[in-house]
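Presented below is the structure to which this report refers.
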Amino acid sequence: MTDSKYFTTTKKGEIFELKAELNSDKKEKKKEAVKKVIASMTVGKDVSALFPDVVNCMQTDNLELKKLVYLYLMNYAKSQPDMAIMAVNTFVKDCEDPNPLIRALAVRTMGCIRVDKITEYLCEPLRKCLKDEDPYVRKTAAVCVAKLHDINAQLVEDQGFLDTLKDLISDSNPMVVANAVAALSEIAESHPSSNLLDLNPQSINKLLTALNECTEWGQIFILDCLANYMPKDDREAQSICERVTPRLSHANSAVVLSAVKVLMKFMEMLSKDLDYYGTLLKKLAPPLVTLLSAEPELQYVALRNINLIVQKRPEILKHEMKVFFVKYNDPIYVKLEKLDIMIRLASQANIAQVLAELKEYATEVDVDFVRKAVRAIGRCAIKVEQSAERCVSTLLDLIQTKVNYVVQEAIVVIKDIFRKYPNKYESVIATLCENLDSLDEPEARAAMIWIVGEYAERIDNADELLESFLEGFHDESTQVQLQLLTAIVKLFLKKPTETQELVQQVLSLATQDSDNPDLRDRGYIYWRLLSTDPVAAKEVVLAEKPLISEETDLIEPTLLDELICYIGTLASVYHKPPSAFVEGSRGVVHKSLPPRTGSSESAESPEAAPSAGQAAEQPAVIPAQGDLLGDLLNLDLGPPVSGPPLAASSVQMGAVDLLGGGLDSLMGDESEGLRSDVGGSPAMGGGGGFAAPGPAVPASMGAPLGSGLGDLFDLTGGVGTLSGSYVAPKSVWLPAMKAKGLEISGTFSRQVGSISMDLVLTNKALQVMSDFAIQFNRNSFGLAPAAPLQVHAPLAPNQSVEISLPLNTVGSVMKMDPLNNLQVAVKNNIDVFYFSTLYPLHILFVEDGKMERQMFLATWKDIPNENEAQFQIKDCSLSADAASSKLQGSNIFTIAKRTVEGQDMLYQSLKLTNGIWVLAELRIQPSNPTLTLSLKCRAPEVSQHVFQAYDTILKN
């Protein structure tokens, strides 16, 4: 007789009858009654009224009855906590029962009763069971600790259960070890800061020994734990890999994936030259291939994981292409995933096979799959250059089939092929144009319009084709409208005489009749470009386009490394880190692969200085716009400029004066613009004259402004000995074509404590140039000309003049982006010209930048750690002494040098003109051409630029 009869009775007054049966003297009757109670509970009836009667049945040595009562207890203890306390005594007694199965059952049930009141009574029985002589009881107790920790973490820590769990890792029984590892991992996940699984080579050895003998789920727990371990060197990594490799042949796919995860992680530490590395690659392929013979759902999980593995190490499966060929009865989700992996594995060796296969897929019945197959052919063309021609002819064959969606997809991918291989396959454009009328999808229409616009000069009736699209302009999607606008502008620039009406029509449609801001903005930009400077418009719109890259859908490398650490979990199926989909992911730790051994990029330099959040906590030494200090510096400190004001000149801007107020609006956001920089002269551009800057501010002027400012101006200048600071070669700052024939090239230098801007002015126009003047916009360090720009004789055509313009740092301060950006205006008798340039920060390193040793130590400790930035200076083979003397030439002073484990450490300081100190530690390894630079500074935003100065000085 089966147990189904217990679920069929539903008569009234049942509870009362059950009560009587539960209190019966006959064992069989009791057991029947408890079964009926459990059946009622299972179908959702409330039988909590029978709690005391069921609990009385616990006092029995019949294991089946005991299990049933414990089941009832787990369900109702939460709603009847006061009654549940009655059962505690029985638990305590059962934990000392001679039968290990009953002891384990008691412990298991205790862990499942989630009632705070009861937990403290359970500590003693649990402690005994953790030290029980029977391994079955110990392994059950280990899991119970994790459950108890979830209810009351503090209690578990106070009772010392965590230490007992750690001891169980050394247990003689593999199943106990596996459960202890599982429990500790579970607890560690919810408390990422606690270092519970303190793994060392000894404990790893014990885990590896247990790995061979425990059940499959035990093996998964141990492998997942191993994956979180960081071996101390490549030899240890190799020995772990050797002992994990046999798991790859396990029948359970979860064990296989966990083993793959461990191997993928530790392979990072193995040198590619090792024989073992090659062997390991060969061993990884068969288990992954075997996973694909399982049922479709498992195949899909395996394929999603393989997709990650192939992106990280394509060489593992490069010979296994055939496994990923699609079978006719594969479900669509498996087909699409296989297709993706096929493209990732496509190479010159197997491309013929792959293309034949893809062409076959393009004639299937499943529309989604066919589209993806056609896209895949295009991706192969872009990825494997040698196959591009073959791919294009395959796509043309598919277009001839005239199947609408195939044609549309083919046109979209051909557009990408044109972007990758310009001027190679344009002969197919005629065929594409024949299919214009059949295109109804936005992406395909946009692609076709792009092709027509890009190759307008080769298509005789390009204007007619584009005009046909214009008729329903407002019904098109935004993507098509934007593409059409650009294409017609391209056409106009290539054939201006024939298409003037067309371009005016599209511009008015895009600007006046459209309410889409993207379209309107693009329309206005083209309109203004075309009306003010058609030559510039041609340069912008018809510029050389960068070639597109082969793999556009690769997962970003840091995310890929993190996902490799989650192989075999949901994260590897979603291709998202756990933090993206785990609700309230309190315990999600970001994992990453170990650094590669023996490679120069072992520690990627954080290219950017610390984030703005950290910088904000520091008092900003460089005042931001509108800041009080910035305003103070804005005061007109200089005496009126001597000498006659220079004649004003209006800026001719064609139809529209895009700049409005000339330099003011271009350079400064505030209304004062550059007015205050020029000693009392009216602003230029607005209508006043343009004056050369006044002489430097006398030192006495700086003092009354407050103690901080004297420092900021660094008026003392700290003149030292003649220093051979590095001077970069001159580069062109303002090309002649942008300045009506005036070409300016230059560089910056610092000598004997004074900064100068070394300029070469060249006249490439046909008229004489004279009346030169120069002016700087406000900048981060207050750089300003210390004297007028002296060009003694007028500059004749094709003549050049070299000028050294002295600079000081007492100009107005405003934080720029980037920090070392300098905006300059130069005026002559023809016009006013603007340009911006980046000055190297080392011209601001002052001569008294050597800090006392004690002061250095105290300051280094005092600056918070989050202000420290680390950089790599690559390809620089200098000894410590050579580096030190090179840097000293540019006012970077070495305070101390010591050698640690064969590495030379230089401790250095430098000071900027505005009083900011930067402290540095430079690590040099004699055999390694990569130097490591750590910088600490109270204004961390300067660190990136100081690093660039180091890089420049050391390499020149």
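Remember, predicted model here, so these are calculated numbers, not experimental data.
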- Could you state the interatomic distance from CE (M342) to CG (N350), rounded to the nearest 0.5 Å? 9.0 Å
- Output for pair (S271 OG, Y276 OH), nearest 0.5 Å, gives 14.0 Å
- Task: Decide yes or no for M41 and K36: does some side-chain heavy atom of the first lie under 4.5 Å from some side-chain heavy atom of the second?
- Result: no
- The residue among R344, R304, K372 that forms salt bridge (charged side-chain N to carboxylate O under 4.0 Å, His left out) with E337 is R304
- Message: Between K312 and D561, does any NZ, NE, NH1 or NH2 come within less than 4.0 Å of an OD or OE carboxylate oxygen?
- Response: yes
- Within a reach of under 6.0 Å around CZ of F221, are more than 12 heavy atoms found that belong to other residues, nucleotides or ligands? no
- Is the backbone N or O of C214 less than 3.5 Å from a side-chain atom of Q219, with the two atoms forming a donor-acceptor pair by type? yes
- Is there a donor-acceptor pair closer than 3.5 Å between any side-chain N or O of N152 and the backbone N or O of L148? no
- Query: Are V137 and D134 side-chain neighbours, meaning at least one heavy-atom pair lies under 4.5 Å?
  - Reply: yes
- Message: Could you tell me if the side chain of L208 sits less than 4.5 Å from the side chain of L226, heavy atoms only?
- Response: yes
- Message: Main chain of L155, side chain of D158: is a donor-acceptor contact present, judged purely on distance under 3.5 Å?
- Response: no
- Task: Side-chain contact test, heavy atoms from C-beta onward, threshold under 4.5 Å: evaluate it for T164 versus R127 and give yes or no.
- Result: no
- Query: Looking at E32 and K35, does any basic side-chain N land under 4.0 Å from a carboxylate oxygen?
  - Reply: no
- Would the number of heavy atoms belonging to other residues, nucleotides or ligands and lying under 6.0 Å from CZ of F581 be above 12? yes
- Task: Could you pull out the closest heavy-atom pair between P577 and L559, with the gap in Å?
- Result: CD-CD1, 3.6 Å
- Are D224 and K261 within salt-bridge range, i.e. N to O under 4.0 Å? yes
- Of all heavy-atom pairs linking L563 and A571, the shortest is CD2-O, 3.8 Å
- Look at the side chain of K265 and the backbone N and O of A227, then say whether any donor-acceptor pair between them is shorter than 3.5 Å. yes
- Query: Quick check: does any side chain N or O of N252 sit under 3.5 Å from a backbone N or O of E216, one acting as donor and the other as acceptor?
  - Reply: no
- State, to 0.1 Å, how close L270 and A237 come at their nearest heavy-atom pair, and which atoms those are. CD2-CB, 4.3 Å
- Task: May I ask you to test the L303-D340 pair for a side-chain heavy-atom distance under 4.5 Å?
- Result: no
- Is atom NZ of K67 surrounded by more than 12 heavy atoms (other residues, nucleotides or ligands) closer than 6.0 Å? no
- Message: Give me the atom names and distance for the closest heavy-atom approach of L223 to A259.
- Response: CD1-N, 3.8 Å
- Message: So for atom CD, which belongs to E186, do other residues, nucleotides or ligands contribute more than 12 heavy atoms lying within a distance under 6.0 Å?
- Response: no
- Message: Looking at K576, I'd like to know if its NZ atom is crowded, meaning that more than 12 non-hydrogen atoms belonging to other residues, nucleotides or ligands lie closer than 6.0 Å.
- Response: no
- Query: To the nearest 0.5 Å, how far apart are NE2 in H575 and CG in L570?
  - Reply: 11.5 Å
- side chain to side chain donor-acceptor pair (under 3.5 Å) contacts touching residues 91-111 (sequence neighbours left out): Q59-K93, K66-D94, Y70-D94, E96-K128, R103-D132, R108-Y136
- Message: Can you tell me how far apart NZ (K318) and CG (L281) are? Round to the nearest 0.5 Å.
- Response: 8.5 Å
- Item | Pair listing, side chain to side chain donor-acceptor pair (under 3.5 Å) test, anchored in residues 282-299, at least two apart | none
- Starting at CG of N75, measure out to CD1 of I38 and round the result to the nearest 0.5 Å. 8.0 Å
- Item | Atom pair CD1/CZ of I222 and R247 - distance to nearest 0.5 Å | 9.5 Å
- Note on the structure: Sorted by chain and residue number, the side chain to side chain donor-acceptor pair (under 3.5 Å) partners of E133 (sequence neighbours excluded) come out as none
- Between A141 and L126 the two heavy atoms that sit nearest each other are O-CD1, 3.9 Å
- Task: Locate the shortest heavy-atom distance separating L211 from R243; write the atom from each residue and the value.
- Result: CD2-O, 4.5 Å
- Message: What I'd like to find out is whether the side chain of D234 reaches to under 4.5 Å of the side chain of F266, using heavy atoms alone.
- Response: no
- Item | Residues S203 and N200: side-chain donor-acceptor under 3.5 angstrom | yes
- Just wondering, do Y229 and L207 contact through their side chains at under 4.5 Å, heavy atoms? no
- Message: Is it the case that the side chain of E236 and the backbone of K232 share a donor-acceptor pair, with hydrogens and angles ignored and the cut-off at 3.5 Å?
- Response: yes
